[in-house]
Each structure stands twice: as C-alpha cells, then as structure tokens.
2 protein chains.
Amino acid sequence: MTDLEQYLQTYFDFDQTDLVTVASFFKPEILKKGDYYLKTGKLCNKLSFIQSGMLRVYVDLEDREVTQWICTQGYFVTDLSSLVFEKPARWNIQALADTAIYTIDKHDYDRLGEYLPKWPVTEKLFIAHCFTTLEDRVFSFLSMTAEQRYNLLFDSHRDIFTQVPLQYIASMLGMTPETVSRIRRKQLN
Amino acid sequence: MTDLEQYLQTYFDFDQTDLVTVASFFKPEILKKGDYYLKTGKLCNKLSFIQSGMLRVYVDLEDREVTQWICTQGYFVTDLSSLVFEKPARWNIQALADTAIYTIDKHDYDRLGEYLPKWPVTEKLFIAHCFTTLEDRVFSFLSMTAEQRYNLLFDSHRDIFTQVPLQYIASMLGMTPETVSRIRRKQLN
DNA sequence: TTGATTTCTTGATCTAGGTCAAGTGCGTCG
DNA sequence: CGACGCACTTGACCTAGATCAAGAAATCAA
C-alpha cells in the first residue's frame, strides 16, 4: 500500500479496491519553498494531499497579511469555496518549505461518484468534518484568551510549532508575534 | 406554493415536483419562548427551517454562557455534527421568542436521496456553503476590531439587532454587552 | 567565514475593550 | 397603580494584548 493509500484510509473507510481507485486519480507534485499552490482571484480546480512539507493559507490586506491556516503533512488542502462553487479563490496558498503533494484535479474529483457509489456520502462527511473544525475555532475566539488559544493549537498541532515561523502562527491565532513570543517563554516556566 | 416551498426554492434549485416532495417531509411545529429545540449532550436527530421567531445556539461554561449564533426567520437550524455524525450535541438551542418551525427528522432526512437523485449534490453544496460562512467568521476574528465585526453583522443580519437582547449579540460577536452598547451609541453619532 | 537579512525576544509604553458599579428605563404582575 | 426585575447605559478604572523600538539570534548568500 502506498503512502497516499494509507493516508486516505485514515480519512475514509474505503476498502482496498476503492483505495486504489481513488489514489490512482492523485498525481504527485513538488512545490519548492515559496511556490504558490493558489493565488487569490484564480479558480481553484484541484484538491491536494500533503505528503511532506507545509502550505500557508493567507490573504493580503492593504497593510498586512492575515494567515488563515497552515496545512501540514497528512492533511488535505484546497480552497473549498472555489473548488465547489467555481468562484474566484479567496486565499493565497504558498509553500513554506519544499512540499510534496498528491493532487486530483476538479475534473476527476467531480467524477469520483461514478467510480465509488459511496463517494457522495464520504464527501459529505468530509466537508461536515471541516465545518465542525471551524465551529470549534469560532468558539475558541468567543470563549478563550490568547494563551488558551495558543495552548489549544499547541496541543493539537505540535508539528506547526516546530516548523512554522512564529509570525504566521501568531496571525492564525489572531494575535501579534510579540504576544506569541511571550506566551511561549511563559510556557517554558 | 407554501411558505416552506418558497423558502426551499431560494436555497436549492429544485423543480416544482422536487419542492413538493421535500416539503412534504417537513412537519410544522411551534416552540414557545424559552422552549429548548436541543440540549447539549442529547442527540440531534432533526433539521428545521425557521418560519418565524428566533433560536439561540449557545453553550454553558462554568461561569457564563457563550452564544455561538442566533438563527432567524428564513434560515435552517440543527446541530450539524450531531445530525451527521450521530454524536452528542455540542450546543443548546433555545427559542428566544415564540417560534414557528418546519422540522424533518433524521430518518427522513437520510432518505431524501432516494426520492431526489440530485440530493447528494445539493446537500454537499449546502454544507459547503455553511463552511464558507464560518470561514468568513474566523477571518473576521483574525482581521477586524470589535466595531468592524459589529458593523459586519449589522449590515448582514439587521433583523437580529431589532429583536435580540443585546447581551446575546455581544456574546456571539466575542465582546461584552457594555462594548456593544458603546459601539451602538457611537453609530448613532 | 563574514556580512546582510530576516526572524525572534524583550522592555517600555499605550489602548481597545473588559470589569465593576451605579444608575435609568420599562415591561409585567400583584 | 406601584414595585419588582430585567435589560440596557454610562462612568471610572483596569488589564490583556498591541505597538514601538532596540537588540539578539538565526538564516542565508557568497
């Protein structure tokens, strides 16, 4: 079983045949550090799985950048609203390091249902799971302090902290780099 | 065409036959002010459409309540993660006023695909739309001040401001009632 | 290696928004 | 009607976290 098949299995309860079918639509690709996976305003006609490396999802405002999320090894990346609704992409997505991904293009993605009868259900569960994750994130902004949000992210995505420049972590937590630096120091006692 | 059919049409591009089919699964219900549509920890086995009135989605913390959202006329309400994954509900959902809803139970909801071939696609688009809405909301916390978030909500959901106690609006915006009160005064110049 | 550049840390100060407390208005119920 | 209880407002003060600025460390180029 390939890496990709193994990872797909952890997300979806496909049997071996389905796994091979789905995996066959994904093509390996390499992004060099700094390369863009997607730029704001373009159409995102692909979905990718990250085998190694990291991608930063962000937007440019007049006076600064806002990082929405960092996608790491073992997760999927796309601009969902662009992929699904065929609207201009909301986000820039850029490689923070050399990154190996497997990509399925929209054409094939939209046809997965023809090969896998249970794809529509699987896809729904996948998007619903993404929804729930964001719901948690909104809740964290409604109910937690900067330090609590830092700890929550640290406990759930430790890999981000070891590899991602602190300024981006700060932005995705909705605080300044100085604040993250101070919280980090405090955590070391 | 009934109210419900009309509303369904604004969400989904069903033809007349489909509209009637879907609508027939929804049963009218009345919640009195203060009644609970759902309580944390229960299973949410229904999805409803709000014909009139309002529901507040919130959680109890040790020392306070956090309002996640207010659902108003013309919108759907459910606990998506509970409905889809059959997990205990994350939210309390309580009527803020006498509220008229149309409810489909999970049993029927899960079978919509048997009657409507394009239901799986429609459902996916619906959930993806919810995801995108939350993405915007996360972005608002990452990039906006309290006053900017207030204005954003005011411009997009004016009905909430005319009918909902200010303390709940404050909570769902992630600020205190005092702050909302001050912003509101400022907006009156 | 060395200098240049970027990123991170730390301190000093500032401010948006929170907290606390004392009203004020108003709807409801006896 | 009057009084109780909410919900909201307003002021005084406080604090988490932002801003600004100056170094220190790490990263990179050559």
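Order of the sequence lines sets the chain letters (A, B, ...), proteins ahead of strands, with each chain counted from 1.
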Exercise. Rounded to the nearest angstrom, tell me the gap between atom CG in B:D63 and atom P in C:dC20.
Key: 11 Å
Exercise. Examine the side chains of A:R149 and A:S140 and answer whether a donor and an acceptor come within less than 3.5 Å of each other.
Key: no
Self-check item: Ring-ring centroid check B:Y7 B:Y102, cutoff 6.0 Å
Solution: no
Quiz item: Do A:H157 and A:I70 have side-chain heavy atoms sitting under 4.5 Å apart?
Solution: no
Quiz prompt | B:K32 with B:D98: basic N within carboxylate O range, under 4.0 Å | solution = yes
Practice problem: Could you run through nucleotides 25-30 of chain D and give me one letter per nucleotide, 5' to 3': B if any protein heavy atom sits under 4.0 Å from the base, S if only the sugar-phosphate is that close, - if neither? | Solution: ---S--
Quiz item: D:dC8 P sits how many Å from B:Q187 CD, rounded?
Solution: 17 Å
Quiz item: Taking the six-membered ring for Trp, are B:F12 and B:F14 parallel (under 30°), tilted (30 to 60°) or perpendicular (over 60°)?
Solution: tilted
Exercise. Mind running a 4.0 Å heavy-atom check of residues 141-150 of chain B against DNA chain C and sending the residues that fall below it, in number order?
Key: B:T145, B:A146
Quiz item: Within the pair A:R185 and C:dT10, is there a side-chain N or O less than 4.0 Å away from OP1 or OP2?
Solution: yes
Quiz item: Is there a residue in residues 155-181 of chain B whose heavy atoms reach under 4.0 Å of DNA chain C, and which residues are they?
Solution: B:G174, B:M175, B:T176, B:E178, B:T179
Exercise. For this output row, return yes or no: ring centroids of B:F49 and B:F26 closer than 6.0 angstrom.
Key: no
Quiz item: Does A:R182 put a side-chain nitrogen or oxygen below 4.0 Å from OP1 or OP2 of C:dT10?
Solution: no
Quiz prompt | Output field: ring centroids A:F76/A:F126 closer than 6.0 Å | solution = yes
Self-check item: Evaluation steps, side-chain hydrogen bond (donor to acceptor under 3.5 Å, both in side chains), between B:S171 and B:Y58
Solution: CA-CA 9 Å; B:S171 181; B:Y58 74 96; over 6 Å; no
Practice problem: Take A:W69 and A:R137 through the test side-chain contact (heavy atoms from CB on, under 4.5 Å) and record every step on the way to the result. | Solution: CA-CA 11 Å; A:W69 192 249; A:R137 201 151 167 232; 3.7 Å; yes
Quiz item: Taking the six-membered ring where the residue is Trp, are the ring centres of A:W119 and A:Y109 under 6.0 Å apart?
Solution: yes
